[in-house]
> 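Sharing a structure, written as structure tokens. Questions coming.
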Number of protein chains: 2
Amino acid sequence: MGRPRQFDEERVIRAVCQEFWAKGFDGTSTADLCRVTGLTRSSLYNTFHSKEHLFRRALSYYVSTMTARQATVLDTPAASGLERVRALLAVIVDEETANRESGRGAGCFTVNTITSIASRNPDVARVVEADLDKRLSSLRLALMDGQLDGSVAADRDPGDLAWYVTSLVSGMRVAAQSGAGRTVLEGIASTGIEALTP
Amino acid sequence: MGRPRQFDEERVIRAVCQEFWAKGFDGTSTADLCRVTGLTRSSLYNTFHSKEHLFRRALSYYVSTMTARQATVLDTPAASGLERVRALLAVIVDEETANRESGRGAGCFTVNTITSIASRNPDVARVVEADLDKRLSSLRLALMDGQLDGSVAADRDPGDLAWYVTSLVSGMRVAAQSGAGRTVLEGIASTGIEALTP
DNA sequence: TTCTTTTTGGAATGTTAGATACAAAACGAA
DNA sequence: TTCGTTTTGTATCTAACATTCCAAAAAGAA
């Protein structure tokens, strides 16, 4: 059977994810990855093949956990369509505030990736594009529900509104990285929601 | 007096700016900079001292030209406050569309910088922070004008609204890098403007 | 135990990075 | 023309980079 692994793969991915999130693909060295995981180069390469594979694993882990969490909020029944979008933005604000206070640094790994390597790496681009499609779909459904229950303006294409909310979220992530705190983010969210009301 | 320069400094800065814009600080090598400028390492280092200095020069050049252009739009008299903000968003859409069609790639150098090295380089962070302050001020003035002339909702703090518009712009930049074309960007802009109306 | 297989530690490899050294070149000033 | 000064081209330096190699270690299977 061979010698067993001395590490937990998901724990390693989590550590790698945080490092790539903070420093980006180009700004992270394999030495950094060894340091934050506690693994040697051998174990890292034996398991994950290359820095780029490891990056994609970390990014996929991030988008799947993030998007799942957000989809859960968006799919909450009972609440109106608008309330579900409002809840999503509240989650974003909470996340950014928590990350800031725990010293993890602000911003979103996905946004950071879109604005850096995604344009130069088709494989990475595919990961973020697939994730974007999922998020747009979830949003679109919630917004259509909102148009049916009367909480969301019915005179706009729900697809356009989904793009708007996605942009708003990205903008809030960038604002957080620019130093915006909870109060400012809450202002952005509550103002941004106004655009959706009938 | 010494030997005269064989290159135009601003032309070099423009070329360097495009390269850093496309690949970021970490993703751009000094060899890349020599290639796009046509200069040797000697001339580059003799004039700009280091890769980091050159990056800050390029970033400063970008933010000053960009923010000046946007301030011009925002300061147009005659038009209402809301119309001036609407005009700003239209400029963003036009820029992104033009960049996309000219193959220059989408997105904003400032946003790319905020989401990558700004958090790890205080000198760079200062440049984007100073620029952010300027943009927020211009926006705030236009929005206050809008509240006075009745085109902008008066029940919100103009500072909060300025942050909202800034986030919206950043979000549109990220959306453009995610593949959003002119139609989608126009939808985001026109939806986003709704949040400002009384 | 012995064999087979896999992981692990650490050194080694080849490449590229940012930055410099230095002499030749190109000008104005004297 | 000669001198002083700055730029330029080439060569070079050291450090860092991603990746590979290989032998020792650790398990199950025979």
> Looking at B/R3, I'd like to know whether one of its side-chain N or O atoms comes within less than 4.0 Å of OP1 or OP2 on C/dA25.
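It does not, given that no N or O in the side chain of B/R3 lies less than 4.0 Å from OP1 or OP2 of C/dA25.
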> By nearest atom, which of the nucleotides D/dA27, D/dT7, D/dT19 is closest to the A/S50 side chain?
D/dT19
> Roughly how many Å is it from NZ in B/K23 to C1' in C/dA17, rounded to a whole number?
14 Å
> Using the side-chain heavy atoms of A/K51, tell me which of these nucleotides is nearest: C/dC27, D/dT19, C/dT7.
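Of the candidates, D/dT19 comes closest.
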> Under 4.0 Å between any heavy atoms, over every strand shown, what does B/F7 touch: base, sugar-phosphate, or nothing? Just pick one.
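Counting heavy atoms under 4.0 Å across all strands, the contact made by B/F7 is with sugar-phosphate only.
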> Rounded to whole angstroms, how far apart are CG on B/N46 and P on D/dT10?
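Between P of D/dT10 and CG of B/N46: 16 Å.
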> Are A/M144 and A/I193 connected, step by step, through hydrophobic side chains (Ile, Leu, Val, Met, Phe, Trp, Tyr) whose heavy atoms are closer than 4.5 Å?
no
> Any side-chain N or O of B/S43 under 4.0 Å from OP1/OP2 of D/dT8?
yes
> May I ask you to check whether A/D131 and A/T67 show a side-chain donor-acceptor distance below 3.5 Å?
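The criterion, which ignores hydrogens and geometry beyond distance, is satisfied for A/T67 and A/D131.
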> With nearest nucleotide decided by heavy atoms, which residue, A/Q6 or B/S42, maps closer to the 5′ end of DNA chain D?
B/S42
> Starting at atom CZ of A/F55, determine the distance to atom P of D/dA18, rounded to an integer number of angstrom.
13 Å
> My understanding is that only one of B/R35, B/R14, B/R104 makes a salt bridge (charged side-chain N to carboxylate O under 4.0 Å, His left out) with B/E19; could you say which?
B/R35
> So what does A/T30 hit on the nucleic acid, given a heavy-atom distance under 4.0 Å: a base, only sugar-phosphate, or nothing?
base
> What is the distance, rounded to the nearest whole Å, between atom CZ of B/F48 and atom P of C/dT20?
16 Å
> Does A/T40 place a side-chain N or O at less than 4.0 Å from the phosphate oxygens OP1/OP2 of C/dG9?
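So the side-chain polar atoms of A/T40 do come within 4.0 Å of the phosphate oxygens OP1 or OP2 of C/dG9, strictly under.
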> If I take atom NE2 in residue A/H53 and atom C1' in nucleotide D/dA18, what distance separates them, rounded to the nearest angstrom?
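Between C1' of D/dA18 and NE2 of A/H53: 14 Å.
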> State which of D/dT8, C/dT20, D/dA27 makes the closest approach to the side chain of A/P4.
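That would be D/dA27.
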> Mind calculating the distance between CG (B/D26) and P (C/dT16) to the nearest angstrom?
18 Å
> In this structure, are over 12 heavy atoms from other groups packed under 6.0 Å from B/M66 atom CE?
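Enclosed: over 12 neighbouring heavy atoms sit under 6.0 Å from CE of B/M66.
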> Does a side chain donor of either A/S43 or A/N46 reach within less than 3.5 Å of an acceptor in the other side chain?
no
> When you match B/R5 and A/R41 each to their closest nucleotide on DNA chain D, which lands nearer the 5' end?
B/R5
> Starting at CG of B/D32 and ending at C1' of C/dA19, how long is that distance when rounded to a whole Å?
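Rounded to whole Å, this separation is 16 Å.
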> Send over the distance from B/H49 NE2 to D/dT7 P, rounded to a whole Å.
10 Å
> Using heavy atoms to find the nearest nucleotide of DNA chain C for A/M1 and A/G38 separately, return the residue whose nucleotide is more 5′.
A/M1
